[in-house]
Every structure is written in C-alpha cells, then in structure tokens.
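The structure displayed is predicted, hence computed values, not measured ones. Both backbone and side-chain heavy atoms feed into the values below; hydrogens, waters and symmetry mates do not. All residue numbers refer to positions in the sequence shown, counting from 1.
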Amino acid sequence: MPTLEAKPGPYTFNSDSVALLVIDMQRDFLLPGGFGESLGNDVSQLSRTIEPLSVLLAAWRTRGLPVVHTREGHLPDLSDCPPAKLSRGQIGQEGAFGRILIRGEYGHDIVDELAPLDGEIVVDKPGKGAFYATDLSEILDKLGTRSLIVTGVTTEVCVHTTVREANDRGYECLVLADCVGSYFPEFQRAGLDMIAAQGGIFGWVAESPTVIDALQEER
Ligand code: TIU
C-alpha cells in the first residue's frame, strides 16, 4: 500500500480502491476569453495546474487506475439550474465559447490537454459538489473506491464542496496543491489549509510528484 508525505500526516491508499478525481477542468473556467476571465478573474491562477495534472494523468493512466472527470453545467433549457444561480446573470448567456456552462457547448468541455480518454468516466454535475444530483456515489461504489486523489478547479468552490461531500461519505481525500487552483491566491492558501487543519478535518494535502513517486515505488 503506497504511503506518501502529506499534511497533516502520512496518507496511505490502496491501488485497488483509489480513484483520481479531476474536477471541472473546463475551457470556460481556464481559458483566456472564457467565462472565468469575463468575470474579471486571473485565469493563469488556474491554468498553472494543467501541466502538473497532465503529468499525473499520464502516470495514472499507465497504471490503469480509474479516472473520473467532472464538468459543471446545465441542460440547454436551464431546467436544472436553481434560481439563485440563474439570477447571477451569466449561466446560459452567449459567451466567447458558446452558451456559458451549457452542456454540449465548446466552453463547457474539458481543456484539450486533459481531454478524457475513451472509457474514462465523465460526470456532468449541475452543482458545485460532484455528488449532488449525479451518479458519482454509485460509480465509486461499483469501482470499490475508498480513497480519492482530488484535482481540478476551483479550490475553494467546486473542489472544496466535493471534498466536503466526499469526506461526509467516508472517502479519504488527498488534495494535490499543485493540481488545484483558485482565481484568488488567498483562497488557494486558506482552502488548502482548511482541508488539512484540525488533524485533517476534510482530508490530506500533498503535491502531485509525491503521488507519482508512490505509484512508481509500488511497481
Ligand atoms: N468549478 C467551480 O469551481 N465552479 C465555479 O463557479 N468556481 C468559481 O470559482 N467561480
């Protein structure tokens, strides 16, 4: 069983019961000109995660371990978008990459560098959390998953919500600091600190090379 250095202490997982979760690495959040940038955000704070995440994904795929990608978005008729979210005024509007956060639009899909391979699981979610109104619990049950290596964007929004949901459901979450990003450096720091605080109240935090090393040592 691989064990790696993490905060607040060593993190151990079993290759038979671990999955990599890649949250919302969508063009509309990450690319210049997209939804995220149109809100005045600095997308470079997010795009710095693409490189380490593609290296991790390559190592993960070599081992044949399960990957679950998620995408935040809504049906074209917006019937699954709660009024409070809709009233913020952007969702479903025409943006640079198609209708913002609408399934099937170019901006809703995952950046080219991290495109899911055939056979990898893609969970479409209407909320911030990946468990809310999705089949993720059933998917992870079928895989026998107990440990989740968590990556994606944004740290304090969809990553945090998902980690909190997962923690309540008994999953042991390791969040990779270099593979999660926030538009706000102070939220990145605080978001990661909050996960590992109080003896790991929501999970563990490490950097992606420690996972790659642990996978290699196990071979
Ligand atoms: N995926 C995700 O985090 N959705 C967001 O809307 N994040 C923001 O930080 N806005």
Side-chain angles (χ1 to χ4, degrees), residues 6-9 11 13 18-26 28-30 34-36 39-50 52-53 56 67-74 81-82 84-85 88 90-91 101 108 110-111 114 122-137 139-140 145-208 210-211:
K7 283 182 191 162
Y11 178 80
F13 63 95
V18 68
L20 176 64
L21 197 49
V22 184
I23 297 175
D24 299 1
M25 293 296 285
Q26 294 161 260
D28 249 330
F29 292 124
L30 285 139
F35 170 48
L39 296 173
N41 292 313
D42 174 8
V43 291
S44 70
Q45 298 290 339
L46 267 53
S47 53
R48 61 157 187 81
T49 63
I50 294 175
L53 190 40
L56 174 66
V67 183
V68 178
H69 306 259
T70 71
R71 296 182 298 202
E72 179 181 350
H74 298 280
C81 187
K85 188 174 184 181
R88 290 179 58 227
Q90 302 275 344
I91 312 297
L101 294 192
H108 171 264
I110 293 166
V111 296
L114 304 171
V122 180
V123 172
D124 279 316
K125 63 186 183 68
K128 272 68 173 182
F131 289 87
Y132 170 68
T134 70
D135 296 333
L136 184 58
S137 281
I139 290 165
L140 296 178
T145 304
R146 298 311 316 152
S147 308
L148 287 171
I149 311 293
V150 185
T151 64
V153 299
T154 64
T155 307
E156 79 281 15
V157 183
C158 293
V159 171
H160 241 267
T161 306
T162 299
V163 166
R164 289 169 186 234
E165 288 180 325
N167 177 262
D168 275 348
R169 287 164 173 78
Y171 296 99
E172 301 203 334
C173 294
L174 174 70
V175 178
L176 298 181
D178 54 333
C179 296
V180 296
S182 167
Y183 297 121
F184 308 97
E186 66 273 31
F187 291 170
Q188 171 79 359
R189 261 194 311 278
L192 293 172
D193 285 352
M194 276 189 237
I195 287 163
Q198 303 183 66
I201 188 121
F202 296 124
W204 288 258
V205 176
E207 304 276 335
S208 62
T210 64
V211 175

The criterion is side chain to side chain contact (heavy atoms under 4.5 Å, CB included); which residues satisfy it with V111, sequence neighbours excluded?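 With sequence neighbours excluded, V111 shows a side chain to side chain contact (heavy atoms under 4.5 Å, CB included) to R27, L30, L31, I50, E113, L114, given in chain and number order.
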
Where do [X] and [Y] come nearest, in terms of heavy atoms and distance?
X: A130; Y: V123; value: O-CG1, 4.4 Å
X: W204; Y: P8; value: CD1-CD, 3.9 Å
X: T49; Y: G181; value: CG2-N, 3.8 Å
X: H74; Y: P82; value: CE1-CD, 4.4 Å
X: C81; Y: I91; value: SG-CG2, 4.2 Å

Within the distance-only criterion (no hydrogens, no angle test), does the side chain of [X] pair as donor or acceptor with the backbone N or O of [Y] below 3.5 angstrom?
X: K85; Y: R88; result: no
X: R146; Y: G170; result: yes
X: E72; Y: K125; result: no
X: N41; Y: V43; result: no
X: T161; Y: C158; result: no

[atom1] of [X] to [atom2] of [Y]: how many Å apart, nearest 0.5 Å?
X: L136; Y: R169; atom1: CG; atom2: CZ; result: 8.5 Å
X: T145; Y: I139; atom1: OG1; atom2: CD1; result: 10.0 Å
X: T70; Y: F131; atom1: OG1; atom2: CZ; result: 10.5 Å
X: L176; Y: S208; atom1: CG; atom2: OG; result: 6.0 Å

Applying the side chain to side chain contact (heavy atoms under 4.5 Å, CB included) test to V159, which of L21, V153, V150 qualifies?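 So, applying the side chain to side chain contact (heavy atoms under 4.5 Å, CB included) to V159 and each of L21, V153, V150, only V150 qualifies.
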
Taking Y183 as the fixed residue, which of T154, V157, L39 is the one that meets the side chain to side chain contact (heavy atoms under 4.5 Å, CB included) rule?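 By the side chain to side chain contact (heavy atoms under 4.5 Å, CB included) criterion, Y183 pairs with just one of T154, V157, L39: T154.
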
Return a table of donor-acceptor pairs under 3.5 angstrom between the side chains of residues 186-200 and protein atoms on other chains or two or more places apart.
unit_1 : atom_1 : unit_2 : atom_2 : d
Q188   : OE1    : T155   : OG1    : 2.5
Q188   : OE1    : S182   : N      : 3.3
Q188   : NE2    : A177   : O      : 3.3
Q188   : NE2    : V180   : O      : 3.0

Could you check whether any side-chain heavy atom of [X] comes within less than 4.5 Å of a side-chain heavy atom of [Y], counting everything from C-beta outward?
X: T151; Y: L56; result: yes
X: L148; Y: L140; result: yes
X: Q90; Y: L101; result: no
X: E172; Y: F13; result: no
X: H108; Y: R71; result: yes
X: Y171; Y: S147; result: no

Anything under 30° is parallel, anything over 60° is perpendicular, the rest tilted; go ahead and classify F35 against F29.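 It falls in the tilted class, 30° to 60°.
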
